[in-house]
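Down below is the structure, laid out as structure tokens.
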Amino acid sequence: SRMRQETFKRYEKKYILTEEQYACLMLVLGGMFQQDLYGRHKVCNVYFDTPDYRLIRSSIEKPVYKEKLRLRGYAETVGPDSTVYVELKKKFDSVVYKRRIKMRFEDARKYLYYGIAPKEQGQVFNELDYVIRRYGLRAMAYISYEREAYTCPLDSEIRATFDREIMGRSGELDLQVEPYGKAILDEGEILMELKLPGVMPLWLGRILGELKIYPTSYSKYGTYYTRYVQPQREWGIEGLRESFAQRGQEWMIGGLACA
């Protein structure tokens with residue numbers, strides 16, 4: 001099967017909705033948006049990062065430029081022959097650039113987990129490969145959610161997605177293992193993402209404003225990191241400090257000095 005390479009450029013706006021806001025929005029947008037062929041479906045991702053989470057730590061600081069690399073499947077679990085996507089998502093000055101390769105899961109797994117490059121390569125593969133090698137990326141988090149996606153017949157470039165049951169975990173970072181993890185969205189919350197070719201159309205902006213639905217800055221992987229990973233990492237360093245103190249040794253930032 002040929003490795004299909006795709007690139008996208010678009011703006012993304014994110015909104016956290018209550019079930020009530022979602023219901024109102026669907027009433028208003030019902031005639032303007034159509035659910036895509038997949039209906040409600042699972043999306044499962046493994047995010048790749050450095051062992052010290054350099055990419056997501058940088059991303060959380062809201063720099064002008066940020067990037068993420070993930071392996072994505074559109075099913076509860078995948079098998080060796082399932083279609084998956086290796087995606088590099090770059091954001092520069094609010095514009096999202098997505099580079100994506102469609103691969104067999106087995107080929108993607110060999111490449112991302114064991115460094116065995118696929119026979120077929122190309123420009124997009126080279127870009128992804130450069131990022132993986134430059135940072136020494138490895139699997140660091142698993143994020144899954146239920147997604148509904150809609151397209152807009154009035155403007156085919158506009159897409160809306162609604163994500164529920166967003167969960168994350170740091171173990172079993174394998175798309176072959178079914179989704180489970182810690183909640184990243186609170187009960188009754190829905191993440192809406194609008195994918196736009198450029199500025200928000202006036203009619204859509206007006207509808208959102210009337211429903212008091214306002215954009216927010218939100219990252220699934222970023223939220224998982226700050227909520228569950230960062231506290232553990234910080235606790236881990238505190239724990240080390242205490243144990244060194246107990247041994248009569250002195251903790252120095254940047255190194256250890258034996259007392």
Side-chain angles (χ1 to χ4, degrees), residues 8-18 21-22 41-74 84-100 112 128 131-132 134-135 137-149 159-171 173 175 179-196 200 208 213-234:
F8 307 90
K9 175 190 169 185
R10 63 193 183 199
Y11 290 85
E12 286 184 356
K13 298 257 183 229
K14 299 183 182 182
Y15 308 79
I16 303 280
L17 311 183
T18 61
Q21 284 176 315
Y22 170 78
H41 59 282
K42 249 321 173 211
V43 182
C44 302
N45 309 271
V46 174
Y47 281 85
F48 288 74
D49 208 329
T50 64
D52 64 349
Y53 298 93
R54 181 174 157 193
L55 294 190
I56 199 60
R57 283 190 295 115
S58 160
S59 178
I60 288 164
E61 287 163 12
K62 300 195 172 44
V64 175
Y65 175 79
K66 55 189 182 182
E67 52 197 348
K68 289 191 185 101
L69 192 126
R70 66 190 172 208
L71 174 64
R72 168 172 286 187
Y74 290 95
V84 293
Y85 297 88
V86 184
E87 299 180 343
L88 174 64
K89 192 173 178 181
K90 304 176 182 186
K91 192 170 182 185
F92 180 71
D93 211 11
S94 307
V95 186
V96 174
Y97 300 89
K98 200 156 134 182
R99 305 276 186 271
R100 183 164 95 163
L112 291 169
L128 270 67
V131 172
I132 290 166
R134 179 180 163 204
Y135 294 110
L137 299 183
R138 60 185 70 180
M140 294 302 288
Y142 175 106
I143 310 278
S144 65
Y145 42 92
E146 290 268 342
R147 167 164 283 186
E148 284 176 89
R159 281 185 76 235
T161 58
F162 297 90
D163 298 336
R164 293 174 172 82
E165 294 175 41
I166 307 178
M167 298 184 293
R169 65 183 191 236
S170 296
L173 305 177
L175 295 184
Y180 72 88
K182 293 174 172 162
I184 303 175
L185 260 190
D186 294 329
E187 191 70 34
E189 285 184 335
I190 299 162
L191 174 67
M192 173 172 80
E193 296 184 13
L194 288 179
K195 279 85 165 159
L196 306 160
M200 170 87 70
L208 295 173
I213 294 172
Y214 305 115
T216 183
S217 166
Y218 185 89
S219 151
K220 298 180 189 84
Y221 176 30
T223 304
Y224 172 69
Y225 176 80
T226 49
R227 211 178 256 200
Y228 297 112
V229 179
Q230 195 175 15
Q232 279 189 320
R233 293 183 75 227
E234 286 170 359

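Quick note: numbers below take in every heavy atom, side chains included, and nothing from hydrogens, waters or symmetry partners.
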| field | Step-by-step side-chain contact (heavy atoms from CB on, under 4.5 Å) determination, Val64 to Phe92 | value | CA-CA 6 Å; Val64 175; Phe92 180 71; 3.6 Å; yes
| message | The test is side-chain contact (heavy atoms from CB on, under 4.5 Å); show your working for Gln232 and Ser170 and say whether it passes. | response | CA-CA 11 Å; Gln232 279 189 320; Ser170 296; 5.7 Å; no
| task | Let me know which of Thr161, Leu185, Leu17 forms a side-chain contact (heavy atoms from CB on, under 4.5 Å) with Leu191. | result | Leu185
| message | Measuring only between side-chain heavy atoms, which start at C-beta, is Thr50 closer than 4.5 Å to Leu137? | response | yes
| task | State whether the number of non-hydrogen atoms from other residues, nucleotides or ligands found under 6.0 Å of Lys90 atom NZ is greater than 12. | result | yes
| task | State the OH-CG distance between Tyr74 and Leu175, to the nearest 0.5 angstrom. | result | 11.5 Å
| Can you name the nearest heavy-atom pair linking Leu194 to Ala160, along with the distance? | CD2-CB, 3.7 Å
| task | With the side chain counted from C-beta on, respond yes when Phe162 and Met192 share a heavy-atom pair under 4.5 Å apart, and no when they do not. | result | yes
| query | Which pair of non-hydrogen atoms, one from Pro179 and one from Lys42, has the smallest distance, and what is that distance? | reply | CG-CE, 3.8 Å
| said: Does any part of the side chain of Arg164, heavy atoms only, come nearer than 4.5 Å to the side chain of Glu148, both counted from C-beta? | reply: yes
| task | Measure across Tyr142 and Cys44 and return the closest heavy-atom pair with its distance rounded to 0.1 Å. | result | OH-SG, 3.3 Å
| field | Close side-chain approach of Tyr85 to Lys98, heavy-atom, < 4.5 Å | value | no
| task | Enter the distance from Ser217:OG to Lys13:NZ here, rounded to the nearest 0.5 Å. | result | 11.0 Å
| task | Evaluate the side-chain contact (heavy atoms from CB on, under 4.5 Å) criterion for residues Val46 and Leu112: first the C-alpha distance (whole Å), next the side-chain angles of each, then the deciding distance (0.1 Å), finally the verdict. | result | CA-CA 10 Å; Val46 174; Leu112 291 169; over 6 Å; no
| Other residues, nucleotides, ligands: >12 heavy atoms within 6.0 Å of Arg227 CZ | yes
| query | Does the pair Glu87 and Arg70 meet the rule for a salt bridge (Lys or Arg N to Asp or Glu O under 4.0 Å), with working shown? | reply | CA-CA 5 Å; Glu87 299 180 343; Arg70 66 190 172 208; 2.7 Å; yes
| So, do Tyr135 and Phe48 have ring centers that fall under 6.0 Å from each other? | no
| request: Scan side-chain atoms only and decide if Asp49 and Tyr221 contain a donor-acceptor pair under the 3.5 Å cut-off. | output: yes
| Derivation and outcome, side-chain contact (heavy atoms from CB on, under 4.5 Å), residues Arg57 and Tyr225 | CA-CA 8 Å; Arg57 283 190 295 115; Tyr225 176 80; 3.2 Å; yes
| remark: Interatomic distance, CG@Leu88 vs CD@Glu67, rounded to 0.5 Å, equals 6.0 Å
| request: Give the C-alpha distance, both sets of side-chain angles, the deciding distance and a yes or no for salt bridge (Lys or Arg N to Asp or Glu O under 4.0 Å) between Arg159 and Glu193. | output: CA-CA 8 Å; Arg159 281 185 76 235; Glu193 296 184 13; over 6 Å; no
| said: So Tyr145 and Ile184, do their side chains get closer than 4.5 Å, heavy atoms only? | reply: no
| From Tyr47 OH over to Arg72 CZ, what is the distance, rounded to the nearest 0.5 angstrom? | 6.0 Å
| field | Distance in Å, Tyr218 OH paired with Lys14 NZ, rounded so as to fall on 0.5 Å steps | value | 9.0 Å
| query | Do Arg100's NZ or CZ and the ring of Phe8 fall within the cation-pi criteria of under 6.0 Å and 45°? | reply | no
| Any donor-acceptor N/O pair, Glu234 side chain to Pro231 backbone, under 3.5 Å | no
| Shortest non-hydrogen contact from Thr226 toward Thr223 | OG1-O, 3.2 Å
| task | Answer whether the closest heavy-atom distance between the side chains of Lys220 and Asn45 falls below 4.5 Å. | result | no
| If you take all heavy atoms of Lys68 and Ser219, which pair is closest and at what distance? | NZ-OG, 3.7 Å
| query | Would you say Val229 and Met140 make side-chain contact, with heavy atoms under 4.5 Å? | reply | no
| message | Measuring from atom CD1 of Ile56 to atom NZ of Lys66, what distance do you get when rounded to the nearest 0.5 angstrom? | response | 7.5 Å
| How far apart are the C-alpha atoms of Arg233 and Asp52, what are their side-chain angles, what is the distance that settles it, and do they pass the salt bridge (Lys or Arg N to Asp or Glu O under 4.0 Å) test? | CA-CA 9 Å; Arg233 293 183 75 227; Asp52 64 349; 5.3 Å; no
